[in-house]
Q: 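The structure under discussion is supplied below as structure tokens; questions concerning it will follow.
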Amino acid sequence: MSQEPYSKFSAHPGNLGHPSLKRTHYCGALRLTDAGASAQLNGWVQRRRDHGGVIFVDLRDRTGMTQIVFDAQIDATAHERASAVRSEFVLNVSGTVREREPGEHLFQLEEARYESTNLLAWSVRSSDGEVLFQSDTREEEDVTLSAEFRARFAEVDKKYTLSDELKVAVREPGMRWLLTDVENNRTYEIHLAASRLETAPADEKGLVLNVYQGTVNPELTTGEIELAVDSLNILNPAKTPPFPVEDDVEVAEDIRMQYRFIDLRRPTMQQTLAMRHKAALAARNYMNENGFLEIETPILMNSTPEGARDVLVPSRHYPGRFYALPQSPQQFKQILMMSGVDRYFQIARCFRDEDTRSDRQLEFTQLDIEMSFAGVDDVLEVTEGLMKRIFEEAGSIPIEIPFQRLPYHESMARFGTDKPDTRFGMELTELGDIMADSDFQVFTRALASGGQVKAIAVPGGADFSRKDIDELTKFVGIYRAKGLAWVKVTTDGFSSGIVKFFKPGQLETAQARTGAQPGDIMFFVADRANVVADALGNLRTHLARKLNLIDETRYNFLWIVDYPLFEWNAEEHRYEPFHHLFTGATDETVGLLDTDPGKVQSQHYDLVCNGYEICSGSVRIHRWDIQQKVFDVLQISPEDVKSRFGYFIDALEYGTPPHAGIAPGLDRIVMLMRNEENIREVIAFPKSQQGLCPLTHAPSVVTEEQLAELSIHVDAPASADAS
RNA sequence: GGGCUCGUGGCGCAGUUUGGUUUAGCGCGCCUGCCUGUCACGCAGGAGGUCGCGGGUUCAAGUCCCGUCGGGCCCGCCA
């Protein structure tokens with residue numbers, strides 16, 4: 001039959017009546033202390049368990065779940081309506097909060113004895129004095145159960161074996177306990193018979209101990225209570241969702257994005273949304289407390305063809321002219337410094353029309369920051385405080401500041417990248433000096449043509465099979481490495497087909513430098529410096545993941561500093577800015593702009609955490625003459641400068657204060673705090689890798705009229721959405 | 001621009017190597033009925049698939065070939 005729930009409800013006008021929607025609690029809020037109170041909840045149906053005379057429904061909202069119970073004896077109408085309720089229906093219920101009753105009586109022990117010295121140290125003994133169960137610390141978990149007592153459990157509850165991971169909670173001192181088997185996720189209630197207690201002190205002999213099946217759900221924060229419903233309003237039925245609203249369900253990305261409104265109902269997604277909000281709030285508060293003004297800058301601005309591809313927006317008034325969406329508010333934030341704002345920040349959306357990666361989207365969010373009369377140390381200090389505030393306040397992750405600083409060249413040398421993951425070792429080791437006179441031509445040729453030979457030692461790698469090594473060779477091939485030489489270190493010496501090419505001492509030196517131990521393998525790459533860095537750097541992280549060498553609980557923050565100002569583009573025989581056009585040089589090297597631009601050091605800094613670049617910034621050029629020299633080095637003609645940056649150059653000549661800034665990437669920060677490996681997981685409405693939005697079908701074809709107004713003629717065939 | 005990989009009921013997957021014994025199977029979900037203590041409820045019964053799309057090879061295509069659309073990872077790109 002078709003799954004069309006709507007018809008069932010159109011015949012029940014009672015469901016369409018408007019009850020008060022004012023709830024008394026969220027679904028994750030009720031606790032044992034609320035027992036006896038009446039409550040009204042709104043939420044979505046997580047699951048329904050229909051037992052005929054009684055129906056259980058888990059009602060969910062963004063805070064959690066509460067079990068609500070429909071009992072024909074409490075309210076026949078609500079019970080009848082509840083039988084039609086299905087997953088994701090939206091309900092409004094009211095009723096009484098009640099402690100979950102003990103279930104089936106399992107067994108009884110006569111002549112139990114309770115002893116206590118205080119509320120926290122107590123025991124229950126059998127009549128012959130053997131301890132049945134006891135707890136003598138403040139830790140609820142520290143419970144001992146006698147073998148005899150365990151045996152009684154085994155007799156009655158054959159489906160489960162009581163595990164060793166037990167928790168006991170005192171319900172009423174000397175009378176009732178809640179025993180939780182954490183591993184099996186089951187509870188039991190242990191009662192000393194109340195009738196006997198009325199007349200005798202609790203620690204006297206002759207009590208009766210009863211054990212019941214518990215109905216508490218230890219997995220739910222609200223698991224000690226339930227809501228006995230006396231009134232149900234079905235606010236809206238729902239089609240069966242395309243996938244269950246649960247964590248850890250694997251669903252294809254396009255389906256998740258197409259039904260993002262359902263995907264976002266999942267608890268982890270709700271937690272991420274909440275954490276992202278907290279991170280933004282913490283940032284706002286911190287920036288405010290430190291004297292920064294939040295100022296908005298235009299979304300429609302001019303295109304500057306430096307750097308990334310711009311996202312363009314056609315102008316209706318000026319045919320053939322386009323706005324660009326900001327790659328970042330770079331120029332505006334500098335102009336704000338020129339404007340005397342002194343300290344600016346903005347939670348800014350940025351757009352870069354480049355291909356996506358697991359940590360890159362077409363549009364993303366930066367905490368854009370700029371400050372006047374500031375140098376490197378000032379920005380780093382403010383940023384460290386900001387990171388500490390965000391990670392601790394939003395992520396409950398303690399952060400120690402200040403962060404270490406690592407020069408760019410050292411990072412490249414040791415890790416092969418300027419965004420190193422320092423949670424594990426396997427650092428790259430230079431071997432060019434000792435390998436130059438080996439007989440291994442792969443090495444000697446690379447060195448002779450100005451290249452490098454470097455190596456890493458992989459713990460336990462001596463176990464790698466031929467097939468493993470072939471796969472790794474293929475892996476480094478992605479980074480243009482032509483091969484991957486290897487030598488296994490064993491207790492008997494070196495093992496590899498290439499051992500014969502080395503002179504005595506060469507492999508020993510390699511072993512000493514890489515720190516390889518017997519049982520390890522050394523991997524060598526010989527090539528141009530950037531190929532060696534890419535191949536070994538990526539191999540290093542690849543193997544660390546594969547071999548589980550990464551402590552996922554750690555957050556290793558690291559400043560990368562002392563970048564070069566320019567990078568030589570060998571193909572086009574000219575310099576390019578390493579960071580961007582407005583990055584300042586260090587005082588020590590600024591003089592080299594005229595003579596040796598390649599040696600100029602910039603005042604650029606990146607903050608790296610666990611292999612992700614999470615902030616990037618610099619001290620800016622604030623003097624016209626220096627900016628002019630940079631344009632000269634980059635061979636940007638005066639005409640180009642005037643047309644592209646004219647207003648900016650103007651402003652530099654009207655009293656620009658020294659200023660510096662940085663831009664932490666909010667998406668990646670939240671990714672790190674949530675331990676997510678994909679940026680889509682921390683964006684409410686992300687785009688697919690091809691830049692499509694499966695929910696709204698953007699980008700879409702527009703009408704001929706719209707195009708005509710913009711004087712745009714589209715050359716490509718307008719392919720309709722294929723799905 | 002390029003490489004790798006995936007696409008089979010609502011979801012997740014098996015089947016694709018070696019084309020035909022497959023009436024395309026499994027788990028979850030869904031539907032109907034029963035059930036008063038479940039919480040991955042249970043029990044009984046049931047429905048649901050142009051194997052992404054197009055073309056080709058063949059007596060015969062989920063399976064082989066070409067193209068195309070979509071998802072993912074990566075190289076290039078990302079000042």
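Side chains are part of it too, since the values below use all heavy atoms of this structure and drop only hydrogens, waters and symmetry mates. All values reported here derive from a predicted model rather than from experimental measurement. Throughout, protein chains are lettered first and strands after them, A, B, ... in sequence-line order, and every chain is numbered starting at 1.
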Q: Name all residues meeting the ring-ring contact (aromatic ring centres under 6.0 Å, His included) criterion together with His79(A); count only those two or more places apart in sequence or in a different chain, and write none if there are none.
A: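 His79(A): no ring-ring contact (aromatic ring centres under 6.0 Å, His included) contacts found.
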Q: I'd like to check the ring-ring contact (aromatic ring centres under 6.0 Å, His included) partners of Phe415(A); sequence neighbours left out, ordered by chain and number.
A: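 Phe415(A) satisfies ring-ring contact (aromatic ring centres under 6.0 Å, His included) with no other residue.
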Q: Out of C74(B), U32(B), G37(B), which nucleotide sits closest to the side chain of Gln67(A)?
A: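 Comparing C74(B), U32(B), G37(B) against the side chain of Gln67(A), the answer is G37(B).
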Q: In chain order, what residues pass the side chain to side chain donor-acceptor pair (under 3.5 Å) check against Thr297(A), with sequence neighbours excluded?
A: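 Residues passing side chain to side chain donor-acceptor pair (under 3.5 Å) with Thr297(A): Gln346(A).
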Q: Report, one pair per line, the protein and nucleotides 76-78 of chain B atoms (nitrogen or oxygen only) whose separation is under 3.5 Å.
A:
unit_1 : atom_1 : unit_2    : atom_2 : d
G76(B) : N7     : Arg357(A) : NH2    : 2.8
G76(B) : O6     : Arg357(A) : NH1    : 3.0
G76(B) : O6     : Arg357(A) : NH2    : 3.0
G76(B) : N1     : Asp355(A) : OD2    : 2.8
G76(B) : N2     : Asp355(A) : OD2    : 3.4
C77(B) : O2'    : Glu354(A) : OE1    : 2.6
C77(B) : O2     : Arg360(A) : NH2    : 3.1
C77(B) : N3     : Arg360(A) : NH1    : 3.2
C77(B) : N3     : Arg360(A) : NH2    : 2.9
C77(B) : N4     : Arg360(A) : NH1    : 3.2
C78(B) : O2     : Arg360(A) : NE     : 3.2
C78(B) : O2     : Arg360(A) : NH1    : 2.5
C78(B) : N3     : Arg360(A) : NH1    : 3.1

Q: For the backbone of Thr583(A) and the side chain of Arg620(A), can you confirm whether one donor and one acceptor N or O come within less than 3.5 Å of each other?
A: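 No, because the side chain of Arg620(A) does not come within donor-acceptor range (under 3.5 Å) of the backbone of Thr583(A).
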Q: Using nucleotides 11-17 of chain B, report all nitrogen or oxygen pairs with the protein that are shorter than 3.5 Å.
A:
unit_1 : atom_1 : unit_2    : atom_2 : d
C11(B) : O4'    : Pro242(A) : O      : 3.0
G12(B) : OP1    : Ala252(A) : N      : 2.9

Q: For Asp534(A), what residues pass the side chain to side chain donor-acceptor pair (under 3.5 Å) criterion, not counting sequence neighbours?
A: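 By the side chain to side chain donor-acceptor pair (under 3.5 Å) rule, Asp534(A) matches no residue at all.
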Q: Could I get the full list of side chain to side chain donor-acceptor pair (under 3.5 Å) partners for Gln334(A), not counting sequence neighbours?
A: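 Result, side chain to side chain donor-acceptor pair (under 3.5 Å) vs Gln334(A): Gln330(A), His659(A).
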Q: Is the closest basic N to carboxylate O distance between Glu224(A) and Arg98(A) below 4.0 Å?
A: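 No salt bridge links Glu224(A) with Arg98(A).
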Q: Categorize Ile478(A) for me: base, sugar-phosphate, or nothing, with a 4.0 angstrom heavy-atom threshold over every strand shown.
A: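 Answer is sugar-phosphate: Ile478(A) comes under 4.0 Å of backbone atoms only.
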Q: Can you tell me how far C1' in C78(B) sits from the matching atom in C64(B), rounded to whole Å?
A: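 Those two atoms are separated by 40 Å.
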Q: Just call it for Arg256(A): base, sugar-phosphate, or nothing, with non-hydrogen atoms closer than 4.0 Å on any strand.
A: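 Nothing, no heavy atom under 4.0 Å.
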Q: Would you please name every residue forming a ring-ring contact (aromatic ring centres under 6.0 Å, His included) with His409(A), sequence neighbours left out?
A: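 Partners of His409(A) under the ring-ring contact (aromatic ring centres under 6.0 Å, His included) test: none.
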Q: Would you say the side chain of Glu246(A) and the base of G29(B) hold a donor-acceptor pair, judged only by whether the two atoms sit under 3.5 Å apart?
A: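 There is none.
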Q: Give Ser688(A) one of three labels, base, sugar-phosphate or nothing, depending on what nucleic acid heavy atoms sit under 4.0 Å from its own.
A: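 Sugar-phosphate: the residue Ser688(A), judged by heavy atoms under 4.0 Å, touches backbone atoms but no base.
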Q: Considering residues at least two apart in sequence or located in another chain, which fulfil the ring-ring contact (aromatic ring centres under 6.0 Å, His included) criterion with Phe582(A)?
A: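 Phe582(A): ring-ring contact (aromatic ring centres under 6.0 Å, His included) contacts with His580(A), Phe645(A), Phe648(A).
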Q: Quick one: His51(A) NE2 to A40(B) P, roughly how many Å, whole number?
A: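 Going from NE2 in His51(A) over to P in A40(B) covers 11 Å.
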Q: Can you check whether any acceptor in the base of U36(B) is under 3.5 Å from a donor in the side chain of Arg49(A), or vice versa?
A: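 In this structure, the two groups form no donor-acceptor pair.
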Q: Look at the side chain of Arg48(A) against the base of C41(B) and say whether a donor-acceptor pair falls under 3.5 Å; ignore hydrogens and angles.
A: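 For Arg48(A), whose side chain was compared with the base of C41(B), there is no donor-acceptor pair (under 3.5 Å).
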